[in-house]
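Any value given below was found using the heavy atoms of this structure, including those in side chains, with hydrogens, waters and symmetry copies removed.
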Amino acid sequence: MAQPHRLTVATRSYDGRERRHAHRFHQIVLPVAGSLEMAVDAEQGRVGDGQGVIVADGTPHSFLARGSNRFVVLDLPPHALLPDAALRQADAFFAVDAALDSLIRYLASEAADAPLDDPTAHHAAALLLRALERRRAPSPDGAAGDPIARAQALMRARCGEALSVAELAHAVGLSPSQFHERFRARAGTTPARFLNDVRLDRAEALLRSGDLPPAEVALAVGFSDQSALTRSLKRRRGVTPGALRGR
C-alpha cells in the first residue's frame, strides 16, 4: 500500500497491464483521452466516456487501461479539502458534464509536462471538489445534478437490471418524450442504444478478466442469456464471448 503524501494534481497515462492495489490517500481520476476499466471494491465501471471515479483511501481497486490514454489525477491526503466521510459514502463512479469536462481539460493542459505547483494544485483541487460536491448534492426534490448525466450514471450503476425508458425518465424527473428528446440531443444516441453499449462494455471487461463464465456475464450485465449477449457482441465487434476471455 502506497504511503501518504502531499496533495498533487497531475496528468498520467497507464500501460496495458492490469494492476490491483490500495493506497493511504484518496484519489480522483478524471478522463481526458482513452479509458480505464476499474473495479473499486465491489463496484465496476469505466473512467472515460463522460465518467470519472473517486477511490477512497484504503479501498482495494484494480484498473486496466485501453489503448492510448490520459487522465487528470488528484491524490488527496486524508482530511484534505473535503471531509473523508463524503468520499467514502459516495458512489465511486460519477458523471462528467460539459462544464466539468472543460475544467478537466484546462487542468490537463496546465499539468501536461509536470504536476501543478502546490498553491495551484490546492486551488485546482478545491475547484474540482466544489464542482463535484455541487453535482452530487441532492436538489430539493431529492435528485442530483443534470438529468441526462444522472440517467447515464444510473444506467452504468444498474446495467444488469431491466431498465425501461419510462423508468429512467421518471427517475430523473422528465416525461418519457422529454427524456428521449433531451437524451438524444445530449448523447447523440437513444437511451436504449446507450444502455446497450454500457452493457456490452461491461460484458467485454468481465469476459477479458476471466472471472465469470460467459453465461453468468450475460446475466450480470442485463442480457436474457448467453445467446443474446453473443448476438450483440457479433453485431458490435464481430467476436464471440469465448474469443474475448483472457485477452
Side-chain angles (χ1 to χ4, degrees), residues 26-32 34-56 59 61 63 66 71-74 82 86-105 128-176 178-206 220-222:
H26 307 307
Q27 189 172 76
I28 300 176
V29 185
L30 301 158
V32 179
S35 64
L36 199 64
E37 304 288 348
M38 291 192 69
V40 182
D41 209 356
E43 189 175 353
Q44 297 194 18
R46 166 188 287 188
V47 180
D49 297 331
Q51 186 166 253
V53 70
I54 294 176
V55 182
T59 304
H61 56 283
F63 56 94
R66 298 293 184 192
F71 306 90
V72 171
V73 181
L74 284 74
L82 192 68
L87 289 167
R88 294 195 179 95
Q89 292 171 4
D91 293 335
F93 297 92
F94 58 87
V96 173
D97 59 23
L100 183 55
D101 183 65
S102 296
L103 177 57
I104 294 167
R105 292 185 181 279
L128 282 167
L129 291 169
R130 201 170 300 128
L132 290 175
E133 281 187 288
R134 284 199 305 271
R135 284 157 176 78
R136 295 157 75 85
S139 62
D141 63 356
D146 174 79
I148 303 307
R150 279 159 38 215
Q152 291 173 333
L154 184 62
M155 291 180 193
R156 294 185 179 101
R158 297 173 54 191
C159 70
E161 303 176 26
L163 294 172
S164 68
V165 170
E167 181 182 359
L168 289 165
H170 178 75
V172 298
L174 298 173
S175 71
Q178 287 177 320
F179 175 66
H180 192 279
E181 181 180 352
R182 289 177 62 174
F183 193 102
R184 185 154 194 164
R186 172 75 171 272
T189 189
T190 65
R193 287 177 181 168
F194 184 93
L195 179 57
N196 190 62
D197 284 341
V198 168
R199 286 171 169 159
L200 290 175
D201 287 343
R202 188 69 53 82
E204 289 185 15
L206 289 172
V221 300

May I ask you to say whether R186 pairs ionically with E181, meaning some side-chain N is under 4.0 Å from a carboxylate O?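 E181 and R186: not salt-bridged.
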- Should D101 and R105 count as an ion pair when the cut-off is N to O under 4.0 Å?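 Yes, this pair counts.
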Tell me the closest heavy-atom pair linking [X] and [Y], and the distance in Å.
{"X": "Q152", "Y": "A187", "value": "NE2-CB, 3.7 Å"}
{"X": "F71", "Y": "P31", "value": "CD2-CA, 3.8 Å"}
{"X": "A169", "Y": "F179", "value": "CB-CB, 3.6 Å"}
{"X": "V96", "Y": "G52", "value": "CG2-N, 3.7 Å"}
{"X": "R202", "Y": "C159", "value": "NH1-SG, 3.7 Å"}
{"X": "F93", "Y": "Q44", "value": "CE1-C, 3.6 Å"}

I'd like to know if the side chain of H180 and the backbone of Q178 have a donor-acceptor N/O pair within less than 3.5 Å.
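Absent.
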task: Rounded to the nearest 0.5 Å, what's the gap from NE2 on H61 to CD on Q27? Could you check?
output: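 Spacing of NE2 (H61) from CD (Q27) equals 5.5 Å.
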For this session: Apply salt bridge (Lys or Arg N to Asp or Glu O under 4.0 Å) to the pair E167 and R158, showing each step before the final yes or no.
Result: CA-CA 12 Å; E167 181 182 359; R158 297 173 54 191; 3.1 Å; yes
Donor-acceptor pairs under 3.5 angstrom involving side-chain atoms of residues 34-41: please list them, not counting sequence neighbours.
| unit_1 | atom_1 | unit_2 | atom_2 | d |
| --- | --- | --- | --- | --- |
| E37 | OE2 | R46 | NE | 3.2 |
| E37 | OE2 | R46 | NH2 | 3.0 |

Quiz item: With a 4.5 Å limit on heavy-atom distance, are the side chains of I54 and H26 in contact?
Solution: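 Side-chain contact under 4.5 Å: no.
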Discussion item. One pair to check against side chain to side chain contact (heavy atoms under 4.5 Å, CB included): L103 and L128. What are the steps and the verdict?
Written reply: CA-CA 8 Å; L103 177 57; L128 282 167; 3.5 Å; yes
